[in-house]
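Just follow the structure's listing: the first ligand is 1, and inside any ligand the first atom is 1. Quick caveat, the model's predicted, so the values are computed rather than measured. Computed from heavy atoms alone, side chains included, the values below leave out hydrogens, waters and symmetry copies.
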Amino acid sequence: MSGPVDLAFDPWDPAFVADPYPAYAELRGRGRVIRYEPTDQWLVPHHADVSALLRDRRLGRTYQHRFGHEEFGRTAPPPAHEPFHTLNDHGMLDLEPPDHTRIRRLVSKAFTPRTVERLKPYVRGLADELVAALVRDGGGDLLKDVAEPLPVAVIAEMLGIPEADRGQLRPWSAAICGMYELNPSEDTAARAVRASVEFSGYLRDLIAARRGRPGDDLISGLIAAHDEDDRLTEQEMISTAVLLLNAGHEATVNATVNGWWALFRNPAQLAALRADHSLVPTAIEELMRYDTPLQLFERWVLDDIEIDGTTIPRGAEIALLFGSANHDPAVFPDPARLDLTRTDNPHISFSAGIHYCIGAPLARLELAASMTALLRRAPTLALAAEPARKPNFVIRGLEGLSVEVR
Ligand code: HEM
């Protein structure tokens, strides 16, 4: 299918961002692949296709391992954006094999189920402290008081970022992540470039300091890998650290507040969860499905690919709609219903294929720790004011979530 102009899918419309799921249902009805002129992309809304394409090696997060910009029919980014691209393009998320494989293998040692299991007491203890403070205050902003400090502290601790420097992480990350929205503006790019320069400079200095005095943190581990047989370049170390710091908290913060906002809107489900805390694991999966924290991921077409009779040529870009895949009735019966007991839940929120979220076990641990602490210590937690949604489409979140503990 090609070129419909009357779609309800409109990532710049606040009404769409408030609730994109009905528009996704319409898209799924249109077909398996829909040409979308405003972003020059092909939209893919069905679960089976999103899931298969994430694993398809004819697509890539980058094309630069195989083609030059012009050869691929694209223009090079403006030189003024260079610091952002240098940083971004050397992180594993924007690399393809063999570079991706080499870096992912090194980093994945820090995220094995066993390593994450060892973090459990620390993560649970921190979640308890944060929730205890919220309860003492009779409430507050669940985002600022619990959802954000927990994953920021955990990933900063893993990388060995000194406590005094952690305040910068969120603003740097937010500025850089602006570039992952559709058609970012020049202003967004300028902010991302500034943050990339500062964040890279900060890490370059930290790496130099750690080289002199190694610790048992992940940055020291990356330095050791670099120094032993040059398995990581200096730029790759910086890009890996930034990727981990950003990816290590952005989506978890949003998943936490989107999840609680969904619970407050579904009081019977919240009551069931309060009555039976053993539902926490399925509740977390269902909340990530129900209001998907990262709505869309893009792939370049490296070799022509046919979808439902339409040939998508090399050089085109495909937009995989995770939020839509997670509401596809072909996979999830009654998808608009929040069902915390849903056990057959193959949601795609952590992606699939070679870029499958390396931090998924850690994210699950953090989400379970904050949810359990809130259920136990704040059984009367209630919404204090209607939250404002962030205007962003791709990274789906709230400005804050005002709560009270009566
Ligand atoms: C609820 C929380 C999280 C969600 C929803 C999430 C989601 C995702 C998704 C969808 C991708 C792949 C994107 C693609 O296929 O193009 C990804 C990759 C990644 N995530 Fe997460 N993530 C979360 C938490 C974390 C955490 C806590 C970390 C900790 C370090 C992390 C680190 C990464 C990294 C390094 C990658 C790149 C993997 C690769 O390219 O091989 N994420 N994440």
- Between Asp141 and Lys144, is the closest basic N to carboxylate O distance under 4.0 Å? no
- Item | Heavy atom of Met288, distance to ligand 1 below 4.0 Å | yes
- Has Arg170 got its NZ or CZ under 6.0 Å from the middle of the six-membered ring of Trp172, at an angle within 45 degrees of the ring axis? no
- Query: Hey, does Ile354 sit under 4.0 Å from ligand 1 if you only count heavy atoms?
  - Reply: yes
- Query: Are Glu250 and ligand 1 in contact, using a heavy-atom cut-off of under 4.0 Å?
  - Reply: no
- Message: Students often mix this up, so state it plainly: with edges at 30° and 60°, are the rings of Phe9 and Tyr24 parallel, tilted or perpendicular?
- Response: tilted
- Query: Side chain, backbone, both or neither: which part of Met92 comes within less than 4.0 Å of ligand 1 when only heavy atoms are counted?
  - Reply: both
- Of the options Leu381, Leu375, Leu150, Leu374, which is the one that meets Val131 in a side-chain contact (heavy atoms from CB on, under 4.5 Å)? Leu374
- Query: Looking only at atom types and distance, does a side-chain atom of Glu96 sit under 3.5 Å from a main-chain N or O of Arg61, one as donor and one as acceptor?
  - Reply: yes
- Interfacing atoms of ligand 1 (cut-off 4.0 Å, heavy-atom, Phe322): 10 (C)
- Pick one: which of His347, His47, His327, His46 meets ring pair (Phe, Tyr, Trp, His ring centres under 6.0 Å) with Phe332? His47
- Query: Are any of the heavy atoms in His100 under 4.0 Å away from ligand 1?
  - Reply: yes
- Query: Which residue supplies the protein heavy atom nearest to atom 26 (C) of ligand 1, what is that atom called, and how far is it?
  - Reply: Ala247 O, 3.4 Å
- Message: Residue-level breakdown please: for Arg61 versus ligand 1, do any non-hydrogen atoms fall below 4.0 Å on the side chain, on the backbone, on both, or on neither?
- Response: side chain
- Query: What is the nearest protein non-hydrogen atom to atom 23 (C) of ligand 1, stated with its residue, atom name and distance?
  - Reply: Cys357 SG, 3.7 Å
- Item | Verdict with reasoning, Tyr63 to His69, per side-chain hydrogen bond (donor to acceptor under 3.5 Å, both in side chains) | CA-CA 8 Å; Tyr63 53 81; His69 293 298; 2.7 Å; yes
- Note on the structure: If we number the atoms of ligand 1 from 1 as shown, the ones under 4.0 Å from a heavy atom of Leu244 are 30 (C), 35 (C)
- Is there a donor in the side chain of Glu82 and an acceptor in the side chain of Thr86, or the other way round, less than 3.5 Å apart? yes
- Query: Where does Leu95 meet ligand 1, judged by heavy-atom distances below 4.0 Å: at the side chain, the backbone, both, or neither?
  - Reply: neither
- For side chain to side chain contact (heavy atoms under 4.5 Å, CB included), just list the numbers for Gln269 and Tyr290, CA-CA rounded to whole Å, side-chain angles, deciding distance to a tenth of an Å, and then say yes or no. CA-CA 13 Å; Gln269 288 292 304; Tyr290 181 77; over 6 Å; no
- Query: What residue and heavy atom of the protein are closest to atom 27 (C) of ligand 1, and at what distance?
  - Reply: Gly248 O, 3.6 Å
- ligand 1 atoms nearer than 4.0 angstrom to some heavy atom of Ile155 are 30 (C)
- Item | Sub-4.0 Å heavy-atom contact, Ser349 with ligand 1 | yes
- Note on the structure: In this structure, atom 35 (C) of ligand 1 is nearest to the protein heavy atom Ile358 CG2, 3.4 Å
- Between Arg210 and Gly215, what is the shortest heavy-atom contact and its length? CD-N, 4.3 Å
- Query: Run the side-chain hydrogen bond (donor to acceptor under 3.5 Å, both in side chains) check on His249 and Glu366 step by step: do they pass?
  - Reply: CA-CA 10 Å; His249 76 269; Glu366 291 172 346; over 6 Å; no
- Task: Give the single entry among Ala251, Ala110, Ser108 that approaches atom 3 (C) of ligand 1 most closely by any heavy atom.
- Result: Ala251
- Item | Side-chain donor or acceptor of Thr256 paired with backbone N/O of Ala147 under 3.5 Å | no
- May I ask you to identify, for Phe297, whether its side chain, its backbone, both or neither come under 4.0 Å of ligand 1 on a heavy-atom basis? side chain
- Task: Return a yes/no value for Thr252: is any of its N or O atoms, backbone included, closer than 3.5 angstrom to an N or O of ligand 1?
- Result: no
- Note on the structure: Atoms of ligand 1 under 4.0 Å from any heavy atom of Phe111, numbered from 1 in the order shown, are 29 (C), 30 (C)
- Using a strict 4.0 Å cut-off to heavy atoms of Ser351, name the atoms of ligand 1 that fall inside it. 10 (C), 12 (C), 14 (C), 15 (O)
- Task: Within a distance under 4.0 Å of any heavy atom of Arg299, pick out the atoms of ligand 1 and give their elements.
- Result: 14 (C), 15 (O), 16 (O)
